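All values below come from the heavy atoms of this structure, side chains included, with hydrogens, waters and symmetry mates left out. Along the sequence shown, residues carry numbers from 1. Just so we're clear, the structure is a prediction, and the values are computed from it rather than from any experiment. All ligand and atom numbering here is 1-based and tracks the order in the structure.
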Amino acid sequence: MSDRLVLVINCGSSSIKFALRSELHSSALLSGLADRLGSNKATLTWQNADNKETLALADGEHATALAALLPLIERHARQPLSAVGHRVVHGGEHFTGAQIIDQQVLDAIRANAPLAPLHNPANLAGIEAAMRVFRQIPHMAIFDTAFHQSMPAHAYRYALPEALYTEHGIRRYGFHGTSHQYVSAQASKLAGLQPNNGAWLSAHLGNGCSSCAVLDGRSQDTSMGLTPLEGLVMGTRSGDVDPNLHAHLARTLNWDLPRIEAMLNRESGLLGLSGLTNDMRQLEQARSEGHTGAALAIDVFCYRLARSLMGLAAALPRLDGLIFTGGIGENSALVRGKTLEHMTVLGLKLDTERNTSAPRGQACMINHSDSPAIMVIPTDEERQIADESLALIPH
Ligand code: ADP
């Protein structure tokens, strides 16, 4: 089988993450980040197995960063690229899977911008600039929301007047789809099941956090909703709050909407609860030194996660296992342990020794022998994006 190469691009408003992935190698041939775009301090940093380099970008334009990427890719790729795979945050109801990008797809991503006003315009700008730089190569869009389009109406509808859904698309969409899809497929492999077989609860715990119920490779329900704010406690996002909170703050403190949005998205979550940091590693350290805010933040994070996962079990006919992934899920034995203390009703039992000695960067089982599987599975959204991109091109 000949190897094929995909350039994976994740274009945000002030950064572009990229990775050169080969079909046959598990790790990236080259990866990097163009950072602080939009400022005069923009840089492009890249690394491969041997070294890491940084280049100042003459201006902070996304197009300049992508143009600087072209010679780099040509130098490191042993053959022409087969595809460029773009991460796109919101596919709305238009997209249930990856798409080859054409004018119609660009128009639909633009049409979904009101649902993701920070992300979709940046994704779109990145796609358009990349299509000018990497010509004659198919560009693919892989949507964070697409995996969750299999949710049934009883999971994706809010109990709001129907016209808000039919006329304005107000519903639950879910995000982190590439990660939940990737780790649940890996879980089936690790459990020795057929690919895309199995009933899983998946917890993606990074700076953003979401949980998902996956049945036979299809998302049944997930914790994020219309926007990525719904659901779990995250690094700086509140997750679920009383929907009357907005009105209450406006009435009693005279806060306007931008202030409330900023508070809920950037000043809440682990940071808000601890009064210290959004970083779980630092919180664990502070907790061990007796910081009560850090201890509370971790307690709330774990309890709310357990509650969400137990709620999502309602979407499954049985439970084959629970998956932890993302920076926190893969690395924090404390978070896994505390979360599972609240989940004994589901019969999940952790093997304490396996939990604390789980090898970094490797998929492993950490459950007791008389428990459904509990797994730590490193996520690899770039692999998923590369694979979905390649699946769209005929051999
Ligand atoms: P992103 O969502 O930005 O990709 P990551 O998946 O890298 O983020 O997750 C970042 C989070 O993972 C941070 O809160 C970080 O502190 C946490 N984390 C990383 N390593 C550890 C560790 N060894 N122990 C506890 N938390 C960790």
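- Annotation for H76: atom NE2 counts as buried by contact number, over 12 foreign heavy atoms lying within 6.0 Å.
- Here M151 sits in one hydrophobic cluster together with Y156, Y165; the rule is ILVMFWY side chains under 4.5 Å apart, joined directly or through other members.
- At a threshold of 4.0 Å, the pair R237-E267 does not count as salt-bridged, since none of the basic side-chain nitrogens sits closer than that to a carboxylate oxygen.
- The hydrophobic cluster around L257 extends to none of the other residues, as no ILVMFWY side-chain heavy atom falls under 4.5 Å of it.
- Aromatic pair H139/H86: ring centres closer than 6.0 Å.
- Partners of A247 according to the side chain to side chain contact (heavy atoms under 4.5 Å, CB included) rule, which considers only residues two or more places apart in sequence or in another chain, are N244, R251.
- Each of G206, N207, G208, N278, D279, M280, R281, E284, G326, G327, I328, N331, S332, R360 has a non-hydrogen atom positioned under 4.0 Å from some atom of ligand 1.
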